[in-house]
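Given the structure is predicted, the values throughout are model-derived calculations rather than measurements. A note on names: the letters A, B, ... follow the listed sequences, proteins ahead of strands, and every chain is numbered from 1.
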Amino acid sequence: METNLVFEGLKFMALGMGTVFIFLITLIGMMILLSYVVHKYFPEPVAAPSTPKAEPVPSNNNKIAAIAAALMHHNQNR
Amino acid sequence: MRNFILKLLAALMLFGAVSSLMASAAPVEAMSTHKEETYKSQTMGEMVGNFLKSTGIVALVSPDPEELSATGQHMSDFHKSWGRVIMILITFLMFWLAIRKGFEPLLLLPIGFGGLLANIPIAEIAGPHGFLGVIYAAGLSNELFPIIIFMGVGAMTDFGPLLSNPKTALLGGAAQFGIFGTLVGAVALSQYTDVFDFTIQQASAISIIGGADGPTSIFIATALAPELLGAIAVASYSYMAMVPIIQPPIMRALTTDAERKIKMTTLRHVSRLEKLVFPVMVLSLAILVLPDATPLIGAFMFGNFLKESGVVDRLSDTLQNALINIVTIFLGLGVGSKLAADQFLVADTLGILALGIVAFSAGTAAGVIMAKIMNMFPGHKVNPLIGSAGVSAVPMAARVSNKVGMEYDRTNMLLMHAMGPNVAGVIGSAVAAGVLLSIFNN
């Protein structure tokens, strides 16, 4: 008897879709478990609100002023 | 084969002897007579006549009856003459689509140019010794290039959206219905009608187009039906490029206005450790359930693992850029070599193009319907528009979901939500491919 290809195709579909869903449903379960485990036992250190450190603006300005003054002095002396 | 090399060597030696004796022999004409076993002095008239016979015009108008195809089979006169002209025009159409319309230019241009080169008479670029043939043998017939592309795609993929809303993986599973539904349709039409005449292997290779994943299609086509590779790859990449045209009408037809406006809850933050464990977890599952899918999933997860590890940015960067670009060039040219007229201009190609779009549409529809089914259960509602992203086509399908969603509610950002089913679709189609391989391997 010639194999009924359509029936074969339906079998492929049952096996294929079944495997895909079993795979993904297991994966969903593992993802939920993973998230539970990670959050319970390995919580990420709460990232401290990283406010950019206040630049030492005044001291920098002072330095710049000093350098500028020195340069001016240097140039005038020439 | 050995005979041919011996003859070639003999001819070369003779040519050397002759040319050293008669230093005046014109080297250019002598080069074009490498098929001659001995070099005879020709009058200028004969020389010009023979040269004209070796031109492309003559080869296209009155093809050499002895000429064999790249696979060493006899070709019909049509495939040697007008077929080649038609194919060259088709490659021009591909250039136009890629450059003007922006349809997947990264692949259509190499594939198109490969096709152009493969249809040149006499030069036999796609033959076993031509450079396209060498590229094909080096990385396509052994399925290497699609695997390397998969590594690069893995290194570009972010599983964060999937990890933060795991159940959307079901949408990526449902979309694989496009593959198997088309498979049944193709074998039914082959068995009961004269529309198609595909074997079950060929039908399987064709329906993988519904997975909307170029490398997977190429991987399966080379394994199950290498004679159809050119048409399958071209169909697969063309439909992926046409996702923004194919999907929206199906998505609109299957959803109500209220469903399209569903807002989804914001995604939670995913920790780095989760992202790092995930690729190993998927691979472990594949090892246990379906080792046949591990070449694809393994390569994919390797790329993703390198990226998420955060300590090998150089390697991850190479995978995402340099390596994937190099391999894309070779993959495109290699696939293009299968666009030779004798392999592409056959009735099967039309069948493949038709089945491909059916597979694509069925996958889209199945994803949307799955989302509607999920909404019947309690829990957070899913916007059915992201169901269509379950066909892989990363990230184009997710963008389409986002775009259609925005048309109905401008504040509804679905992109990240759609990325979940999108990457799950890649895993899903790799699993589906693994199932098909496992069936035929036993």
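Of the listed residues (Thr19(A), Leu15(A), Leu27(A)), the one with the most heavy-atom contacts under 4.5 Å to chain B is Leu27(A). Among Ala188(B), Gly185(B), Ser271(B), the residue making the largest number of heavy-atom pairs under 4.5 Å with chain A is Ser271(B). Chain A forms the most heavy-atom pairs under 4.5 Å with one residue out of Gln176(B), Lys167(B), His269(B), Met281(B), and that residue is Met281(B). Counting heavy-atom pairs under 4.5 Å between each of Ile179(B), Leu290(B), Leu162(B) and chain A puts Leu162(B) at the top. With chain A as the partner, the residue from Ala174(B), Gly428(B), Gly172(B) showing the most heavy-atom pairs under 4.5 Å is Ala174(B). Note: Leu285(B) leads Leu285(B), Ile427(B), Leu436(B) in heavy-atom pairs under 4.5 Å with chain A. When each of Ile22(A), Leu24(A), Val37(A) is checked for heavy-atom pairs under 4.5 Å with chain B, Leu24(A) comes out on top.
Proximity to chain A is limited to the side chain of Ile297(B), based on heavy atoms less than 4.5 angstrom apart. Heavy-atom distances place the side chain of Phe21(A), and not its backbone, under 4.5 Å from chain B. Only the side chain of Ser204(B) comes within contact range of chain A, with heavy atoms under 4.5 Å apart. If you measure heavy-atom distances from Arg272(B) to chain A, the contacts under 4.5 Å come from both the backbone and the side chain. Residue Ala293(B) does not touch chain A at all, counting heavy-atom pairs closer than 4.5 Å. Only the side chain of Leu183(B) comes within contact range of chain A, with heavy atoms under 4.5 Å apart.
Side-chain atoms of Met370(B) and Val382(B), non-hydrogen and from C-beta on, never get closer than 4.5 Å to each other.
Atom CZ of Phe42(A) sits in a sparse spot, with 12 or fewer heavy atoms from other residues, nucleotides or ligands closer than 6.0 Å. Crowding of Phe177(B) atom CZ: a count of heavy atoms from other residues, nucleotides or ligands under 6.0 Å not exceeding 12.
A distance of 4.5 Å separates CD of Glu274(B) from NE2 of His39(A), quoted to the nearest 0.5 Å.
Ring geometry for Phe12(A) versus Phe440(B): interplanar angle over 60°, hence perpendicular rather than tilted (30 to 60°). Between Phe150(B) and Phe300(B), the ring planes lie tilted relative to each other; the angle falls in the 30° to 60° range.
Under 3.5 Å, the side chains of Ser388(B) and Thr364(B) contain no donor-acceptor pair of N or O atoms. Side-chain contact check for Ser429(B) and Ser392(B): at least one donor-acceptor pair (N or O, by modelled atom type) lies under 3.5 Å.
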